[in-house]
2 protein chains.
Amino acid sequence: MHAVAARAGVSKSSVSRVINGEPTVAPAIREIVMAAVAELGYVPNGAARNLVTQRTNTIAIIVSDPPAGLVSDDPMFAMVVRAASRELERAGKQVSLVLAGSDESRLRVEQYLAAGHVDGAILVSMDGADPLPAVLSRTGLPIVSHGRLATPGLMPWVDNDNHAGATQAVQHLLDQGRRRIATISGPLDMTAAQERLAAYRDTLKDTGRRSIIALGDFTRISGADAMRQLLEDDPEVDAVFAANDLMAIGALRTLREAGRRVPDDVAVIGFDDIEAALYTAPALTTIRSPMTDQAVHTVQLLLTLLTTGTATPVTLPTELIIRESA
Amino acid sequence: MHAVAARAGVSKSSVSRVINGEPTVAPAIREIVMAAVAELGYVPNGAARNLVTQRTNTIAIIVSDPPAGLVSDDPMFAMVVRAASRELERAGKQVSLVLAGSDESRLRVEQYLAAGHVDGAILVSMDGADPLPAVLSRTGLPIVSHGRLATPGLMPWVDNDNHAGATQAVQHLLDQGRRRIATISGPLDMTAAQERLAAYRDTLKDTGRRSIIALGDFTRISGADAMRQLLEDDPEVDAVFAANDLMAIGALRTLREAGRRVPDDVAVIGFDDIEAALYTAPALTTIRSPMTDQAVHTVQLLLTLLTTGTATPVTLPTELIIRESA
DNA sequence: CTGAAAGCGCTTACAG
DNA sequence: CTGAAAGCGCTTACAG
């Protein structure tokens, strides 16, 4: 910067003003400074800027993923990170990706935010037992959650309407005349899994049917295992609502191995509408949750929070996608 | 920091020394400073540190993804980002995720690196036409590529042995006595696609068979389309080597729709061994590329480059995984 | 082993 | 509209 100022024959103040596009600078000076910047290939030092402005133009995307890597194996993870990155980029923000699974990494994340490395943060897929949201909300930084948190009031969030979506799914199975409708639930410390399971129960209860529940953890393998157990518990089961597509894919494999035809013997419906749902055999009927929209809304919620200091939760609608499996 | 020094009754120099764990500090002073830090909940400001040390402890993961999002829809993307993040975290580095697709974003990335925001960078899935590697290597920062670059000599890289892997795949089809072996290639501006195609050609040539090639872009849908074209071009085709699993999954769908049995009528083999390969019907025979290992090696290559100033390319072996489809 | 001082590279009132 | 000066919050020779 010193070199640029010398080259242009002006003060560093003027160089700074030109670079930051301040209107109060004479066109002649602007020209000569721009020329010097171009010639010298000058790029302002980020750390110095951050220090003096007390802002970093960086947003953290914090993914709470256990060591086993449950979350980040999910295509939802990639979609959310990608969509959020895009949207943040459009807003001129840099993205700092932070994986937080273990206890040490939680402390590390806390320190990272406290050190002022970012202007705000987006929390992705926190389970209800995770202490991170509470800890981070105490930093006073603007933070929003992608997905509703178990503890209310900590921060604004964006989520899809899990209850409505799951209701659509189960209702579709009922409409088909299915008699014994089971569900494969997600991990119950996650609000999405809780809400989808509650909707399943509520919808069945109205028809006098009993609930048939197996527990999964949102992975393919857990869906396959849960389906095996379901078949054992009730060989007459003729429909399954899996709380996400990955588990539905696992369930399809088990049904194939067990010689059950889908949808003839057993109807299967998932949740999320990931791309893979189009490529199963038979193609998966599912509930579309607007993931990309959700990520976009999450970013916008954060930007609102950053500028206005307040923001209210957002719930997005779901849609039933009928394919071959139910 | 000022407050901590005052509280502890020592100079800021001593506070700094304690925080940075320098050995040359009296135990008594260390104690009292630690206490003050704890009481005040002090966390050093990152920007100030970065400014004075000229280091950021941050590594950029730069993903070159066209606006359509080809790369980031691939489960490989998530695996690489996750494995690299983990490894970087273990080394005490922060991760800055940068998506670079368009021309403007390329400029933005260049400026970002030039501004000194990161100590080094990892480039992921660059296609051969991408000018980014050349541009970035001119910054003089330590940069490594995950995947061999089309332009040699720009920077060290880590890749799996694409030629050997593809040879294994085609050889397996030959061993089965397949007569008309086609391939679905990836986009030819990517070195991985080039190498896999070259191996396919080389291996077939030795047996006097002719090549039957359709072009895809590493997505499921392109695999489905390519398979359709292959069937049209040569209805007698009895085996297909898809250059990645996603395209193989697409091909399976087309074959099912066309009423061809796999592997009876047509054998299908993929490349990558993503988790989804275990859940196709029939389960996908494929070549395992050690993705996680590769990411780990990429990070270690960068760390080597950072500390020693030099590093040499790494090639990792592949493995044939036989399942049901071939 | 400790402290006073300089300085990292910017931005921003302030005076002109 | 422009420049000199102060200051952002740290680290690091340097002297003691």
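Throughout, a chain's letter reflects where its sequence line sits, starting with A, and its residues are numbered from 1.
Distance check, rounded to the nearest 0.5 Å: CZ of B/Arg106 to CG of B/Leu136 gives 9.5 Å.
For the OP1/OP2 pair of D/dT11 and a distance below 4.0 Å, the side-chain nitrogens and oxygens of B/Thr53 include no atom meeting the criterion. Put simply, B/Tyr42 has a side-chain N or O that comes within less than 4.0 Å of OP1 or OP2 on D/dC10. Contact annotation: A/Ser11 does not reach the phosphate of D/dT2 (side-chain N/O to OP1 or OP2, under 4.0 Å). For D/dT11, neither phosphate oxygen OP1 nor OP2 lies less than 4.0 angstrom from any side-chain nitrogen or oxygen of B/Gln54.
Rounded to whole Å, atom C1' of C/dT11 lies 15 Å from atom CG of A/Asn57. For the pair B/Ile32 CD1 and C/dC1 C1', the computed distance is 16 Å after rounding to whole Å. The distance from atom CG of A/Asn45 to atom C1' of D/dC8 is 13 Å, rounded to the nearest whole Å. Atoms CZ (A/Arg55) and P (D/dC8) sit 18 Å apart, rounded to a whole Å. If you take NE2 of A/His2 and P of C/dT11, they are 16 Å apart, rounded to a whole angstrom. Computed from coordinates, the A/Ile19 CD1 to C/dT11 P distance equals 7 Å when rounded to whole Å. If you measure from atom CG of A/Leu51 to atom P of C/dT11, you get 11 Å, rounded to the nearest angstrom. Distance A/Ile29 CD1 to D/dC1 P: 11 Å, rounded to the nearest Å.
Annotation: B/Glu31, atom CD; neighbour count of heavy atoms from other residues, nucleotides and ligands within 6.0 Å does not exceed 12.
Judged purely by distance below 3.5 Å, without hydrogens or angles, the side chains of B/Asp159 and B/Thr315 never pair a donor atom with an acceptor atom. A side-chain donor from one of B/Asp119 and B/Thr56 sits under 3.5 Å from a side-chain acceptor of the other. Using modelled atom types, one finds a donor on one side chain and an acceptor on the other under 3.5 Å when comparing B/Ser64 with B/Asp130. B/Arg148 and B/Asn160 form no side-chain donor-acceptor contact under 3.5 Å, judged by distance and modelled atom types alone.
Here the side chain of A/Ser13 is nearest to one of D/dA4, C/dA4, C/dC10, namely D/dA4. Taking only side-chain atoms of A/Val25, from C-beta outward, the nucleotide of D/dG3, D/dT2, C/dG3 with the closest atom is D/dT2. When distances run from any side-chain atom of A/Asn20 to the nucleotides C/dT11, D/dC1, C/dC8, the shortest one goes to C/dT11. Set against D/dG7, C/dC1, C/dG3, the side chain of B/Arg17 has C/dG3 as its closest nucleotide. Distances from the side chain of B/Val10 to the nucleotides D/dC10, C/dG3, C/dC10 place C/dG3 closest. Of the candidates D/dC10, D/dT12, C/dG3, D/dC10 carries the atom nearest the B/Met1 side chain, counting heavy atoms from C-beta on.
With DNA chain C read from its 5' end, the first of the two nearest nucleotides for B/Lys12 and B/Gly9 is the one closest to B/Gly9.
Here A/Asn50 lies out of heavy-atom contact (under 4.0 Å) with every strand. Among the atoms of the strands shown, base atoms are found under 4.0 Å from some heavy atom of A/Thr24.
Using N1 to N3 plus N6-O4 or O6-N4 for Watson-Crick, or N1-O2 and O6-N3 for G-U wobble, each under 3.5 Å, D/dA4 pairs with nothing. Base pairing of D/dA13: no nucleotide in any strand meets the Watson-Crick or G-U wobble criterion (both distances under 3.5 Å).
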